[in-house]
Amino acid sequence: MFALIDGHNFYVSCERLFRPSLIGVPVIVLSNNDGCAIARSEEAKRLGVTKGMPWFQIRKELGNAGIVALSANFSLYGDLSNRMMSVAAGLGPTQELYSIDESFIGLDGMPGDLTTRADHVRHRIRQWVGIPCGIGIGTTKTLAKLANHVAKAADRKPGSYPPELAHVCNLAAMSDDARRAVLAATPLDEIWGVGRRLSEQLRDAGLATALDVACMDPSVARSRWSVVFERTVRELQGISCIALDDAPAPRKEIASTRSFGHPVQTEHALAQAVTEFVSRGAEKLRRQESLAGRLMVFIHTSPFRRGEPQYSRSITVPLRRPTSDTGHRAAVHGLHLIFRPGLNFAKAGVHLVDLQPAGVLQTELDLDDDEGDRSSLMLAMDKINAKHGKKSVFIASAGTSERRREWEMRQDLRTPLYTTRLCDIPIANA
DNA sequence: TCTGGGGTCCTAGGACCC
DNA sequence: TCTGGGGTCCTAGGACCC
């Protein structure tokens with residue numbers, strides 16, 4: 001038995017916690033670079049702001065609708081997520097942190113009425129952390145996910161589902177008929193694992209609802225589509241195929257990529273950006289105690305600028321030996337091999353791949369090592385940055401603040417780091 | 001003028017090697 | 001006349017998730 005807890009319009013709820021004046025107002029949170037809407041309040045959704053809608057388009061179409069737009073404040077969301085998840089953990093014996101605003105809870109062996117218990121946890125999160133949540137319960141993760149959707153829709157779209165399913169929806173506690181009715185009222189694209197493409201194909205095949213998928217023959221799902229979809233069908237039938245993952249394996253790949261605030265033409269500016277991406281990736285690498293065996297660099301122009309020449313290339317560079325060194329020059333060398341002058345570059349990034357645990361690396365004789373062992377330097381950097389704030393020390397070739405504006409992203413509308421930076425903590429006046 | 005970032009998994013073609 | 005098969009690596013792209 002599984003529960004899925006999620007925070008409603010999570011980023012918007014985090015912002016409203018510290019600015020109650022935003023309650024009842026259409027609010028959106030923008031992606032990095034203030035590009036497009038990644039979170040929307042209910043009011044903003046009702047105005048017609050769609051998922052991923054570009055900010056310039058929102059302004060053009062809804063400029064005078066009173067929408068408040070904010071730049072993403074991931075330090076704030078991450079901190080509130082930790083608080084929410086630690087309270088959510090009280091629902092059952094095991095927990096999987098699925099995303100910043102969602103968590104699966106394993107409920108096997110829990111005595112008593114799970115619906116009531118879930119409702120208590122929901123209220124506790126609301127009271128202790130301040131984030132409104134919904135909870136879905138089912139015998140498989142896919143059903144718990146679907147139940148979570150029902151809990152949300154029953155509250156917000158009157159008539160979509162029976163109103164008593166709002167906030168907490170326990171599919172496992174329903175009669176077979178009631179559960180079938182819920183599945184029959186759920187459209188294809190609300191099924192976990194069924195995206196835009198697959199739901200199109202399923203519609204063409206004559207299916208319309210989650211109930212239709214649940215009634216499919218799994219072997220047909222497999223032969224006509226894929227093993228992944230077969231698993232989805234079985235999960236909807238109540239056969240658990242996806243286990244709770246409460247101890248996730250270390251990442252297989254670490255990416256650090258950014259769109260630029262302005263088009264970038266020079267190799268010099270790209271090299272600064274790429275250098276910064278490597279340091280960011282290497283920090284994450286050290287945090288999970290891994291080393292990268294290879295590194296991939298890519299650059300590309302903006303696919304949205306139709307009239308302009310397009311260019312997109314990537315290159316994978318093997319590292320002389322696995323490393324998590326912030327200052328690694330391989331990315332800059334790779335960049336040099338794929339760079340072409342005379343283009344407006346819109347985005348670049350670095351993927352660290354072939355990750356392996358740092359512990360098992362055999363030491364070698366450093367007969368021709370040009371960099372030497374810099375692990376203590378990295379340790380010192382991480383400590384300084386942890387104590388004095390991000391980027392207190394950094395690689396100079398990533399550019400100093402004066403000269404990096406050329407590629408740095410726009411983020412003009414960010415709220416303070418209310419909970420993670422001392423000088424940003426709000427002061428309440430008595 | 002202005003369109004995110006970070007993941008996983010899968011597929012496919014070409015180069016290269018034996 | 002008749003021109004293999006299997007493997008790896010690299011690059012590229014698509015589908016899905018949040």
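Note on naming: letters A, B, ... go to the chains in the order of the sequence lines (proteins, then strands), and numbering restarts at 1 for each one.
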Looking only at side-chain N and O atoms, does A/T257 come under 4.0 Å of OP1 or OP2 in B/dG6?
-> yes
Non-hydrogen atoms of A/L198 and A/G193 that approach each other most closely | CD2-O, 3.9 Å
Expressed in angstrom and rounded to an integer, what is the separation of A/R280 atom CZ from B/dG4 atom C1'?
-> 13 Å
How is A/K347 classified with respect to the nucleic acid when contacts are heavy atoms under 4.0 Å: base, sugar-phosphate, or nothing?
-> sugar-phosphate
In terms of the nearest nucleotide of DNA chain B, which residue is placed more toward the 5' end: A/V227 or A/S302?
-> A/S302
Nucleotide nearest A/A255 when distance is taken to its side chain, options B/dG7, C/dT11, B/dT3 | B/dG7
Quantified in whole Å, what is the C1' atom distance between nucleotide C/dC2 and nucleotide B/dC16?
-> 26 Å
Scan side-chain atoms only and decide if A/Q57 and A/E61 contain a donor-acceptor pair under the 3.5 Å cut-off.
-> yes
Could you check how far CG of A/D354 sits from P of B/dT8, rounded to whole Å?
-> 13 Å
The single option from A/V68, A/L17, A/T415 that satisfies side chain to side chain contact (heavy atoms under 4.5 Å, CB included) with A/L22 is A/V68
A correct 5'-to-3' footprint of nucleotides 12-18 of chain C, with B, S and - meaning base, sugar-phosphate only and no protein heavy atom under 4.0 Å, is S--SSSS
Taking atom P of B/dT1 as reference, at what distance in whole Å does atom CZ of A/R305 sit?
-> 8 Å
Please confirm whether the backbone N or O of A/V182 pairs with a side-chain atom of A/T186, one donor and one acceptor, at under 3.5 Å?
-> yes
Provide, to the nearest angstrom, the distance between the NE2 atom belonging to A/H351 and the P atom belonging to B/dG5.
-> 11 Å
Using a cut-off of strictly less than 4.0 Å, decide whether A/R251 has a side-chain nitrogen or oxygen near OP1 or OP2 of B/dT8.
-> yes
A/D246 versus A/T94, side-chain donor and acceptor atoms under 3.5 Å = no
When we call it a touch if two heavy atoms are under 4.0 Å apart, what does A/S256 touch: a base, just sugar-phosphate, or nothing?
-> sugar-phosphate
Roughly, in whole Å, what's the span from CG in A/L30 to P in B/dT3?
-> 12 Å
According to the interplanar angle, ranging from 0 to 90°, do the rings of A/Y418 and A/F18 count as parallel (below 30°), tilted (30 to 60°) or perpendicular (above 60°)?
-> parallel
Could you let me know what C/dG5 is paired to, Watson-Crick or G-U wobble, both distances under 3.5 Å, or none if it's on its own?
-> B/dC18
With respect to A/K141, which candidate in A/E96, A/E235, A/E102 satisfies the salt bridge (charged side-chain N to carboxylate O under 4.0 Å, His left out) definition?
-> A/E96
Integer-rounded Å distance: C/dC10 C1' and A/E253 CD | 14 Å
Nearest whole angstrom, please: distance from the C1' of B/dT3 to the CZ of A/R59.
-> 11 Å
With a 3.5 Å cut-off and no angle check, do the side chains of A/T115 and A/N170 form a donor-acceptor pair?
-> yes
Given C/dT11, B/dT3, B/dG7, the nucleotide with the shortest approach to the side chain of A/P54 = B/dT3
Whole angstrom value for the distance that separates P of B/dC2 from NZ of A/K60 = 12 Å
Using the P atom on both, measure C/dG4 against B/dG14 and round to a whole Å.
-> 16 Å
Could you give the distance separating C/dC18 and B/dT3 at their P atoms, to the nearest angstrom?
-> 25 Å
Nearest to side-chain heavy atoms of A/C36, which nucleotide of B/dT3, B/dG6, C/dC10 = B/dT3
